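The chain is numbered in sequence order, starting from 1. No experiment lies behind these values; they were computed from the predicted model shown.
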Amino acid sequence: AAHFAPYGNLTGVFILADKATKRSKGLAYITYALPENASKAMEELDGSIFQGRLIHLLPAKRPPRAEDTLGGAAAAEDEEAGGFKKSREDRLKRDAGTNRAAWNSLFMRQDTVAA
């Protein structure tokens, strides 16, 4: 934190650590009170040496919105239509006749139709 403090007021420092070994993964999130301070620190510290290692600074990205992920609206629409299992079963039945990978009875899925 002392390395980043000269560029402005820090509001948080989060260092990622491995759960098993409790050692740093070499990644940290630094938050400043003002965005201008963060951009100034990024400009001046990116590519510098810190504790004998080259540091590369990148701006953090916001996590994806819930409706853009599978846990969001897309999954809710799928649940309304009968759920994941039903849609998967329908897809497997639809593709059963065109399944070229199941050429051998030893490798056939249980829903493959022999023609």
Side-chain angles (χ1 to χ4, degrees):
H3 191 68
F4 295 92
Y7 298 97
N9 186 18
L10 297 175
T11 58
V13 176
F14 181 71
I15 300 172
L16 277 83
D18 188 5
K19 291 180 181 180
T21 62
K22 306 290 188 222
R23 294 185 62 197
S24 171
K25 289 185 175 183
L27 182 69
Y29 291 96
I30 311 289
T31 43
Y32 284 92
L34 298 173
E36 299 84 28
N37 296 340
S39 61
K40 182 180 175 187
M42 256 181 51
E43 289 173 9
E44 295 187 21
L45 293 176
D46 189 27
S48 66
I49 303 295
F50 176 68
Q51 295 181 352
R53 295 180 182 249
L54 178 70
I55 59 172
H56 183 55
L57 303 177
L58 297 170
K61 296 179 183 176
R62 294 198 181 276
R65 297 181 309 168
E67 51 269 1
D68 294 341
T69 62
L70 290 177
E77 291 172 7
D78 195 26
E79 289 293 328
E80 291 171 3
F84 173 75
K85 286 186 177 182
K86 179 152 177 41
S87 65
R88 181 174 175 256
E89 187 177 300
D90 292 341
R91 181 180 49 84
L92 289 173
K93 284 181 182 177
R94 183 181 65 240
D95 297 340
T98 61
N99 186 4
R100 302 286 182 232
W103 56 270
N104 189 334
S105 63
L106 296 175
F107 298 107
M108 288 175 43
R109 294 190 317 226
Q110 62 189 6
D111 61 342
T112 303
V113 178

TODO: Check whether Val13 and Leu34 end up in the same hydrophobic cluster, where Ile, Leu, Val, Met, Phe, Trp and Tyr are linked by side-chain heavy atoms less than 4.5 Å apart.
DONE: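 Different clusters.
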
TODO: Keeping the roles fixed (side chain from Thr11, backbone from Thr31), state whether a donor-acceptor pair exists under 3.5 Å.
DONE: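 Yes, because the side chain of Thr11 sits within donor-acceptor range (under 3.5 Å) of the backbone of Thr31.
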
Over all atoms of both residues, closest heavy-atom pair of [X] and [Y]:
X: Met42; Y: Leu58; result: SD-C, 4.2 Å
X: Leu45; Y: Leu57; result: CB-CD1, 3.5 Å
X: Asn37; Y: Gly8; result: ND2-CA, 3.5 Å
X: Ile55; Y: His3; result: CD1-NE2, 4.2 Å

Task: Cationic N near anionic O, under 4.0 Å, Asp90 to Lys86 - done: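 Judged by the 4.0 Å cut-off on N to carboxylate O distance, Asp90 and Lys86 do form a salt bridge.
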
Hey, what do you get for [atom1] ([X]) to [atom2] ([Y]), rounding to the nearest 0.5 Å?
X: Lys25; Y: Asp18; atom1: NZ; atom2: CG; value: 5.5 Å
X: Ser48; Y: Arg53; atom1: OG; atom2: CZ; value: 14.0 Å
X: Arg94; Y: Arg91; atom1: CZ; atom2: CZ; value: 7.5 Å

- [ ] Identify, with sequence neighbours excluded, every residue that meets salt bridge (charged side-chain N to carboxylate O under 4.0 Å, His left out) alongside Glu89.
- [x]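 Salt bridge (charged side-chain N to carboxylate O under 4.0 Å, His left out) check on Glu89 returns Lys93.
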
Open item on the list: Before you tell me yes or no, could you show the steps for Leu16 and Ser24 under side chain to side chain contact (heavy atoms under 4.5 Å, CB included), namely the whole-Å CA-CA distance, both residues' side-chain angles and the distance that decides it to 0.1 Å?
Closed with: CA-CA 6 Å; Leu16 277 83; Ser24 171; over 6 Å; no

Task: Intermediate values then yes/no, side chain to side chain contact (heavy atoms under 4.5 Å, CB included), Leu10 and Tyr32 - done: CA-CA 4 Å; Leu10 297 175; Tyr32 284 92; 3.4 Å; yes

Open item on the list: Please check if the number of heavy atoms outside Phe50 that lie under 6.0 Å from its CZ is greater than 12.
Closed with: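 More than 12 within 6.0 Å, yes.
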
